[in-house]
Amino acid sequence: MTRDDINRFFGTELLAWYRRERRDLPWRRSRDPYHIWVSEIMLQQTRVDTVIPYFERFMARFPTVGSLAEAPEADVLKAWEGLGYYSRARNLQAAARQVAELHGGAVPRDKAAVSALKGVGPYTAGAILSIAYDLPEPAVDGNVMRVLSRFYNLDDDIAKPSVRVGMERLAQELIPEGEASSFNQALMELGALVCTPRSPGCLSCPVMEHCAGRLAGRERELPVKSKAKPPKPVHRLAVLIEGEGEWAGRVLVRRRPAEGLLAGMWELPHVEAPNESVWSSGDDAPVWLAGALAAEGLSVKAQQHVASAEHVFTHLHWFVRVWSAELAGSPETEVYRWIDRADFERLAWPKVFKTLLGAYFSQERNIG
DNA sequence: AATCCGGGGCG
DNA sequence: CGCCCAGGATT
């Protein structure tokens, strides 16, 4: 068979398989470009099963581009709580405002205009244009690179940005005439359901017959992907301060800055320890904690270690020890706030603090 | 090209 | 429970 024959085989069999096996997903019940767009942003780095309930709630709360554009940012962030990569939510709302103002509320259907939207890169632009408008643009994500690496037995390191460009050319060539929407979804669906990262289901694969990677016995070693460096350990000390008198039943928390790590989210007051030994020392930790917090405008007296938790990012690994403390003076900056259980449920928290405070508010004010 | 952004699932 | 997975923005 020629290369063209193989490519045609791939497209035909993949489309036939997709028509039989495609999952019934909420965003597949509509071709509204806004629905496709929101789903694609949510699906970045996030699994389908996780996204489904978020997508349903998001669409109920922000049914149109205009409603998203006009909403308070805090509402959008709250709707995103737990999904991670919170800049996606802020970019999505900024882009909704772009669409409302520049395109009369209609998601544009040309590549330059879609790619100019905040949070829309090469993959998402291709996904929107192909899935919503059936334009023959490639939508190359990690699934697609894995499927193509295996089917064509390619050794290129998919961690390298330059490799994605080559994959896009290949993926575009493969799109059967007039079938961009189904084909691109089929390619990703195969990667999600059959051609999975660690244990590919070759025996149920519609294109196994001509899969060069499988024929070479290499399906488990492809795609080639260089490793990222491990997250850097960071030791942090946090305080749990319970209110008294007028603030009884409340806990002192603060809001993170509007930019950077976990932008705009809420947390227990905490500081970085200079090293692991101070962090773990029952004598040194409370002294360091009080000193460092005082420098941030919060005078406290740390009492005892009440809980530990970890939070792993791509590049950082937080080890957090929580100390109970009492306030030695009123907070000097406006980032601090006394919250009760209802506030806790309304505000957006990184997972580590949501877990700690959730335990506190549900277990009779006991954080452990 | 390298680094900064979370969270979840699999073996 | 260690290891793997993975788009876009920024620099």
Side-chain angles (χ1 to χ4, degrees), chain A residues 36-54 77 79-95 98 114-128 131 137-150 156-165 167-168 171 184 188 191-193 195-201 220-234 256-267 309-318 320 348-355 358:
Chain A
I36 307 296
W37 173 24
V38 171
S39 72
E40 289 299 340
I41 299 294
M42 287 186 171
L43 287 163
Q44 290 170 5
Q45 325 310 82
T46 313
R47 307 175 65 86
V48 164
D49 289 345
T50 305
V51 166
I52 289 173
Y54 282 90
L77 203 57
W80 211 268
E81 183 190 61
L83 263 186
Y85 287 96
Y86 299 96
S87 65
R88 290 185 298 171
R90 288 181 298 123
N91 285 336
L92 178 59
Q93 189 183 32
Q98 288 178 275
V114 175
S115 302
L117 299 176
K118 292 257 194 262
V120 176
Y123 163 73
T124 308
I128 293 169
I131 298 173
E137 294 289 339
V140 173
D141 67 353
N143 285 313
V144 173
M145 289 199 282
R146 185 172 60 253
V147 170
L148 296 180
S149 293
R150 286 176 178 160
D156 307 86
D157 180 358
I158 64 166
K160 296 190 182 306
S162 59
V163 170
R164 199 205 70 240
V165 177
M167 294 275 181
E168 284 173 342
N184 283 352
M188 292 186 272
L193 299 182
C195 197
T196 52
R198 283 190 267 187
S199 48
R220 281 172 177 274
E221 58 192 75
L222 293 174
V224 173
K225 190 181 178 193
S226 53
K227 286 191 187 69
K229 67 175 190 181
K232 177 180 149 197
V234 175
R256 297 184 62 86
E259 301 202 336
L261 185 68
L262 301 169
M265 302 191 81
W266 292 80
E267 64 184 10
E310 295 182 26
H311 198 59
V312 182
F313 304 84
T314 314
H315 56 303
L316 295 175
H317 189 150
W318 280 2
V320 182
W349 308 85
K351 185 169 182 179
V352 60
F353 294 111
K354 184 163 177 112
T355 304

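A, B, ... follow the sequence lines: proteins, then strands. Residue 1 opens every chain.
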Tell me which of A/Val312 and A/Pro161 sits closer to the 5' end of DNA chain B, going by the nucleotide each one is nearest to.
-> A/Pro161

Pick the nucleotide of DNA chain B nearest each of A/Thr46 and A/Ser199; which residue has the one closer to the 5' end?
-> A/Thr46

Take atom [atom1] of [X] and atom [atom2] of [N], then tell me their distance rounded to the nearest Å.
X: A/Arg47; N: B/dG6; atom1: CZ; atom2: C1'; result: 15 Å
X: A/Trp80; N: B/dG7; atom1: CH2; atom2: P; result: 13 Å
X: A/Leu316; N: B/dT3; atom1: CG; atom2: P; result: 13 Å
X: A/Arg256; N: B/dC4; atom1: CZ; atom2: P; result: 15 Å
X: A/Lys160; N: B/dA2; atom1: NZ; atom2: P; result: 6 Å
X: A/Lys354; N: B/dG6; atom1: NZ; atom2: P; result: 16 Å
X: A/Glu267; N: B/dG6; atom1: CD; atom2: C1'; result: 15 Å

Could you write nucleotides 1-11 of chain C as a row of B, S and -, 5' to 3', where a protein heavy atom under 4.0 Å of any base atom gives B, of only sugar-phosphate atoms gives S, and otherwise -?
-> ---SSBBSS--

Considering residues at least two apart in sequence or located in another chain, which fulfil the side chain to side chain contact (heavy atoms under 4.5 Å, CB included) criterion with A/Thr124?
-> A/Glu40, A/Ile41, A/Gln44, A/Val120, A/Ile128

For residues A/Thr196 and A/Arg146, report the shortest heavy-atom separation together with the two atoms involved.
-> C-NE, 3.6 Å

Distance col, row A/Glu221:CD vs A/Arg150:CZ, nearest 0.5 angstrom, shows 10.5 Å

Could I get the full list of side-chain hydrogen bond (donor to acceptor under 3.5 Å, both in side chains) partners for [X], not counting sequence neighbours?
X: A/Thr50; answer: none
X: A/Glu137; answer: A/Lys111
X: A/Glu267; answer: A/Arg254, A/Arg256, A/His270
X: A/Gln45; answer: none

With P as the reference atom in both, quote the distance from C/dA6 to B/dG11 in angstrom, rounded to an integer.
-> 14 Å

Between B/dG6 and C/dT11, how far apart are the P atoms? Round to whole Å, please.
-> 16 Å

Have a look at A/Ile41 and say if it touches a base, only the backbone sugar-phosphate, or nothing, with a 4.0 Å heavy-atom cut-off.
-> nothing

Counting just side-chain N and O atoms, does A/Lys232 come under 4.0 Å of either OP1 or OP2 of B/dT3?
-> no

